[in-house]
Amino acid sequence: MTTPLFDKVALIGIGLIGSSIALNIRERGLARETAIATRRPETLARARELSLGTSYHLDPAEAVDGADLVILCLPVGSCGAAAAAMAHKLKPGAIVSDVGSVKAAVVSAVQPHLPAHVHFVPGHPIAGTEQSGPDAGFKELFENRWTILTPLPETDEAATERLARFWRATGAMVETMTPEHHDLVLAIVSHVPHLIAYNIVGTAADLETVTQSEVIKFSASGFRDFTRIAASDPTMWRDIFLNNREAVLEMLARFSEDLASLQRAIRWGDGDSLFDLFSRTRTIRRSIVEAGQDTADANFGRQKPRKDAWDETGETVPGE
Ligand code: NAP
């Protein structure tokens with residue numbers, strides 16, 4: 001075990017992200033103490049059963065008492081209230097951060113509650129799954145994934161660097177940018193794709209001429225990958241869209257324009273335009289694989305497709 005980066009870390013919220021951080025602290029020895037706070041006694045009891053921390057609290061103020069690093073691991077819409085509840089117990093010099101998927105709204109909600117004697121360094125690990133709760137966490141979640149830190153102009157650089165070291169110790173790569181730029185980037189790489197997935201799965205569920213059983217039976221033909229995204233936590237994603245409204249609407253406007261031109265190309269039989277776009281998008285996929293952000297294996301590396309599995313070409317995928 002290396003020298004811990006912090007004496008005491010407080011994790012406020014212990015779902016997928018909080019428990020993954022807790023496992024990193026425990027397994028990699030990143031802090032001497034980990035105080036865990038969450039809203040519901042049953043979640044806290046589960047965190048205790050999983051030995052995710054060294055102390056367990058229903059009151060966030062109790063958890064942050066004496067902590068050098070406090071990370072809010074809550075839905076974006078709950079961060080302001082948590083900051084208000086714990087502010088009076090924050091230790092001078094403590095770093096306060098979060099993991100919310102939206103940054104500008106978290107800054108506006110949290111910053112007014114924080115005393116001048118703490119360092120606020122908002123953050124967002126670009127890593128996750130569609131699972132929630134303290135059982136969902138795993139130590140490798142952040143490995144080879146980016147964590148974006150969005151320090152404010154007045155944030156102490158040493159505090160940002162100390163937090164960056166913490167994230168690098170989990171295996172993450174760290175980049176800093178402004179909260180506003182983060183929100184714009186994430187709108188296109190994450191928020192709009194989720195909205196499209198929620199929409200397409202919703203549309204399929206509402207169809208009257210294609211039955212639900214057919215949608216499920218033939219889901220391997222592309223739809224299945226949307227259903228994985230559309231199974232993401234409803235509270236978290238409601239909060240993301242309510243709190244990143246401007247950037248999402250801006251990206252959706254661009255998306256709608258491009259969709260309209262695809263519609264036109266299909267209507268007028270403009271195969272060249274379709275082919276050009278599909279060739280450009282294929283190179284984006286290759287770049288993502290080359291950057292180590294996904295596997296090059298067929299079917300996202302899913303193991304052993306069934307013998308009768310088939311893809312969207314209608315051909316049988318080689319199975320066992
Ligand atoms: P999660 O698994 O659903 O856990 C949420 C935690 O927040 C639980 O401890 C829950 O407490 C608590 N909580 C929920 N609603 C609350 C409320 N209204 N007031 C106070 N506490 C509340 O969530 P998660 O996936 O870890 O996400 C946490 C944050 O990470 C979110 O801001 C999300 O945007 C961000 N994030 C998520 C992902 C992802 O893929 N999931 C990736 C990157 C960042 P109880 O169980 O006690 O109610």
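Along the sequence shown, residues are numbered consecutively beginning with 1. Ligands are counted one by one from 1 in listed order, and the atoms in each one are counted from 1 as well.
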How would you list all residue pairs meeting salt bridge (charged side-chain N to carboxylate O under 4.0 Å, His left out) that involve residues 49-64, not counting sequence neighbours? Arg46-Glu49

Under 6.0 Å from the NZ atom of Lys139, do we count more than 12 heavy atoms belonging to anything else shown? yes

All salt bridge (Lys or Arg N to Asp or Glu O under 4.0 Å) counterparts of Arg162, not counting sequence neighbours: none

Whether over 12 other heavy atoms sit under 6.0 Å from Gln293 CD: yes

Backbone N/O of Arg224 and side chain of Ser219: donor-acceptor pair under 3.5 Å: no

Name the residues in contact with ligand 1, where contact means a heavy atom under 4.0 Å away: which are they? Gly13, Ile14, Gly15, Leu16, Ile17, Thr38, Arg39, Arg40, Thr43, Cys73, Leu74, Pro75, Val76, Ser78, Val99, Gly100, Ser101, His124, Pro125, Ala127, Gly128, Thr129, Ser132, Gly133, Met236

Residues in salt bridge (Lys or Arg N to Asp or Glu O under 4.0 Å) with Arg264, at least two apart? none

